[in-house]
Undergrad: 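Here it is, the structure in full.
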Amino acid sequence: MIRTRFAPSPTGYLHIGGVRTALFNWLFARQHGGQFILRIDDTDAQRNVEASLAPILDGFRWLGIDWDEGPDAEGDCGPYYQSQRGELYREAADALLQKGLAYHDYARPEEVQAEREAAQTEKRSFTYSRRWLAETDADRNRFEAEGRKAVVRLKMPRQGVCQFNDLVRGEVEVAWSGEQDHVIQRADGSCLYHLASVVDDHAMRISHVIRAEEHLSNTPRQIFIAQGLGYEPPRFAHVPFVAEPSSKNKLSKRKLAKYLKDREFAKINQHGQAIAEKIGLETEADSFNPVIVDFYEQVGYLPHALINYLLLLGWSLDDKTEFFSPGEMLQHFNLERINRSPSSFDPQKLNAFQEHYMQQVPLKQKVAMVLPYLQRAGFVSQPPPCDVGPRLAAILEAAGDRIKVAGDILDHTDFFTDTEQLPYDEKAVRKRLVKPEQAITLLKRFREDLSATNDFTPPALDTLLHAFVEREEIKIGEIIHALRVAVTGKAVGFGVFETLAILGQETCLQRIDRAIALAAEAAAA
RNA sequence: GCCCCCUUCGUCUAGUGGCCCAGGACAUCGGAUUCUCAGUCCGAAGACAGGGGUUCGACUCCCCUAGGGGGUACCA
């Protein structure tokens with residue numbers, strides 16, 4: 001049975017790089033009919049683990065990455081919180097001690113540090129002297145009489161090589177002599193990460209450890225622990241980390257300020273912030289930004305777009321295939337084709353995937369995606385009036401590809417605003433209504449046609465305007481832009497005929513009247 | 001310092017000795033289309049880190065250098 005795991009710390013947010021690692025684990029397990037386990041790495045136990053974990057679980061749920069065992073999914077390998085598994089780790093430390101593979105060490109931290117620094121100045125690799133190693137009761141008593149406290153250290157081999165086959169990197173060989181006698185248990189009895197991780201992976205029957213490459217150099221000591229405990233070590237696959245936009249540095253949520261200097265990154269951030277503001281979302285810079293999954297959920301991305309983008313960040317099927325349905329991902333994903341070098345996070349390309357998938361979303365579903373944004377921004381009541389569905393469908397149809405993320409609907413709220421309330425863009429009014437000499441005259445004349453017609457459908461309006469243009473012997477550009485500004489307040493927007501039709505005859509006439517008045521005011525000023 | 005890993009267009013990548021004077025995608029820049037914007041279509045520009053080998057032949061194999069990254073914690 002293939003079993004993989006992801007072990008997030010309850011930090012309060014789900015990081016892009018973490019999701020990518022989790023995705024690989026999940027895909028690998030699922031395609032083999034295996035299981036995916038979520039284990040909570042809360043050994044630094046802060047008080048409100050639940051609260052800090054919630055956004056992470058929500059993120060996974062949103063993305064459709066489900067887990068067989070973990071929080072809210074009890075299995076027979078629990079508990080799934082490392083803070084509740086201390087007893088297991090202590091037993092393991094004792095077992096290692098018993099076998100002579102670990103020892104009590106009475107060194108003070110600064111004493112080890114001094115040795116380390118000495119090695120560095122002499123430009124040789126550091127090997128602990130084991131001066132404060134205690135294997136007999138006599139030693140222990142002597143050190144304790146000095147007021148020293150013991151930690152448990154691994155007694156690493158000092159010759160030979162550790163060899164393992166990494167599913168991404170291939171054969172890896174490391175000399176044991178370069179490994180340290182790492183501490184696995186503190187004086188207070190609490191245990192450290194490496195021990196915990198090995199014990200849990202074994203207890204949870206993890207078959208494949210797929211994790212970020214910063215753990216590559218931790219692997220030998222984990223193999224040592226596993227073997228010492230008599231475990232069969234899992235298979236390892238070290239995937240390169242996700243790097244910053246246009247750089248090879250590891251992506252980190254701490255360096256947000258730096259990423260914001262990247263123009264494209266800043267643009268996407270700004271776009272999201274604008275949407276968040278309109279829906280009244282409280283945002284904090286360190287938890288709402290394009291490095292955090294929640295950002296994309298809030299702004300209205302499609303989870304599958306993110307997943308597809310992340311899939312291709314460090315993995316590819318061939319030289320052509322870009323789009324993968326969930327089924328295709330499951331079918332084609334493999335560890336062998338994961339790249340060995342880090343790939344940088346490019347939010348622009350993520351957007352390209354989003355736009356592609358957004359174009360495929362059926363109208364009805366788009367309506368459902370967009371509605372909550374209008375409600376949260378106060379343009380549509382909750383529950384919505386019954387005519388909102390068809391109306392929204394018409395708007396979205398007219399919008400075409402202009403709505404790239406669900407929150408973009410908030411750029412087109414002029415359909416929901418009362419005429420008296422409608423904001424008019426000053427520049428647009430000047431350019432399209434005030435400056436062109438004929439604009440107002442033409443608009444007034446075309447208003448007559450509009451009020452006279454009784455067919456307010458886009459094709460009919462199209463015919464109406466073209467007839468007008470012919471009669472007046474003008475070019476269409478001389479009226480159509482003025483018309484758009486008059487009814488929407490803006491210089492850019494959807495097709496004019498669709499816009500008019502959605503607004504309806506009465507509203508159009510009102511808005512034209514208001515625009516004419518406004519233009520007159522502006523001209524007089 | 002020491003150990004380990006990585007290095008093809010700006011970015012994601014294809015490429016496992018001849019199919020490659022290097023292919024695709026995003027971005028960029030032109031052009032076409034439409035009432036603006038978005039989109040769509042067509043086109044252009046753009047890379048094998050450097051140096052040595054090996055070979056009839058190297059992006060592909062070996063060595064060195066450089067650059068980048070990770071680890072080196074009583075962090076995870």
Side-chain angles (χ1 to χ4, degrees), chain A residues 7-9 11 41-44 82 105 107-109 112-113 116-117 119-127 149 151-153 166 169 172-175 177-180 182-188 190-194 196-197 212-220 238 240-241 243 245-250 264 309 312-323 337 339-353 355-356 359 399-404 408 411 428 432 462 465 469 475-485 488 490-497 499:
Chain A
S9 300
T11 49
D41 185 347
D42 57 347
T43 46
D44 292 337
Q82 291 192 310
D105 181 55
R108 297 193 166 102
V112 181
Q113 186 54 30
R116 196 171 318 179
E117 279 163 18
Q120 198 176 119
T121 31
E122 289 165 40
K123 301 190 176 194
R124 53 177 174 79
S125 60
F126 165 62
T127 309
K149 293 250 192 282
V151 297
V152 176
R153 279 185 190 276
D166 187 282
R169 315 253 147 188
V172 180
E173 260 186 37
V174 190
S177 59
E179 284 294 313
Q180 307 302 319
H182 284 95
V183 173
I184 53 173
Q185 186 173 24
R186 298 185 181 97
D188 68 2
S190 63
C191 292
L192 279 327
Y193 168 75
H194 294 295
S197 168
E213 83 174 290
E214 61 254 37
H215 290 285
L216 185 62
S217 23
N218 296 334
T219 307
H238 288 95
F241 54 77
S246 48
S247 134
K248 287 293 178 206
N249 292 15
K250 190 177 152 187
E264 293 308 324
Y309 170 70
L312 264 2
L313 207 54
W315 180 87
S316 67
L317 176 64
D318 53 31
D319 59 340
K320 311 211 137 57
T321 320
E322 293 269 306
F323 301 111
R337 289 191 62 87
N339 256 232
R340 276 176 298 274
S341 52
S343 30
S344 46
F345 176 63
D346 177 1
Q348 236 173 3
K349 187 142 186 175
L350 166 57
N351 272 352
F353 279 94
E355 285 165 32
H356 170 84
Q359 287 175 5
D401 300 323
R402 276 165 275 233
I403 309 279
K404 318 226 184 224
D408 283 342
D411 289 337
R432 296 302 190 186
D462 191 331
L465 187 75
V469 162
K475 277 188 284 189
I476 196 163
E478 293 178 56
I479 175 71
I480 205 158
H481 297 116
L483 194 52
R484 174 179 289 107
V485 173
T488 67
K490 290 183 293 193
V492 298
F494 307 161
V496 160
F497 307 118
T499 303

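In what follows, chains carry the letters A, B, and so on, assigned in the order in which the sequence lines appear, proteins first and then strands, with residues in each chain numbered from 1. Keep in mind that this is a model prediction, so the values were computed, not measured.
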Undergrad: OP1 or OP2 of B:C75 versus the side-chain N and O atoms of A:Arg186: is any pair under 4.0 Å?
TA: yes

Undergrad: Strictly by Watson-Crick or wobble contacts shorter than 3.5 Å, is anything paired with B:A14, and which nucleotide is it?
TA: none

Undergrad: Tell me if a side-chain donor or acceptor on A:Ser9 pairs with a main-chain N or O of A:Thr11 at a distance below 3.5 Å.
TA: no

Undergrad: Which nucleotide in the set B:C5, B:A14, B:U72 lies at the smallest distance from any side-chain heavy atom of A:His182?
TA: B:U72

Undergrad: Counting Watson-Crick and G-U wobble pairs only, both distances under 3.5 Å, name the nucleotide matched with B:U72, or none.
TA: B:G1

Undergrad: Taking only the C1' atom of each, what is the distance from B:C20 to B:A58 in whole angstrom?
TA: 11 Å

Undergrad: From C-beta outward on A:Gln120, which listed nucleotide comes closest to its side chain: B:G1, B:U11, B:A14?
TA: B:G1

Undergrad: List in chain and number order the residues that pass side chain to side chain contact (heavy atoms under 4.5 Å, CB included) with A:Ser190, two or more places apart in sequence or in another chain; answer none if no residue qualifies.
TA: A:Arg186, A:Asp188

Undergrad: Which listed nucleotide (B:A73, B:G71, B:C12) is nearest to the side chain of A:Arg116?
TA: B:A73

Undergrad: Find the partner of B:C41: check Watson-Crick (N1-N3 plus N6-O4 or O6-N4) and G-U wobble (N1-O2, O6-N3) distances, both under 3.5 Å, and reply none if neither fits.
TA: B:G31

Undergrad: Return yes if some donor-acceptor pair links the side-chain N/O of A:Asp346 with the main-chain N/O of A:Gln348 below 3.5 Å, else return no.
TA: yes

Undergrad: Just by protein heavy atoms under 4.0 Å, how would nucleotides 59-68 of chain B read 5' to 3' in B, S and -?
TA: ---------S

Undergrad: How many angstroms lie between atom NZ of A:Lys404 and atom CD of A:Gln359, to the nearest 0.5 angstrom?
TA: 8.0 Å

Undergrad: Any N or O donor-acceptor pair under 3.5 Å from the base of B:C5 to the side chain of A:Arg169?
TA: no

Undergrad: Output the single nucleotide from B:G1, B:C74, B:G15 whose closest atom is nearest the side chain of A:Lys123.
TA: B:G1

Undergrad: Given the C1' atoms of B:U72 and B:U16, what is the spacing between them in whole Å?
TA: 34 Å

Undergrad: Reading nucleotides 25-34 of chain B 5' to 3', which nucleotides get B (base under 4.0 Å from a protein heavy atom), which S (sugar-phosphate only), which -?
TA: BSS-------

Undergrad: Who does B:A49 pair with, Watson-Crick or G-U, both distances under 3.5 Å?
TA: B:U65

Undergrad: For A:Gln359 and B:U40, what is the distance between atoms CD and C1' respectively, to the nearest whole Å?
TA: 9 Å

Undergrad: For the residue pair A:His215 and A:Tyr193, is the inter-centroid distance of their aromatic rings smaller than 6.0 Å?
TA: yes

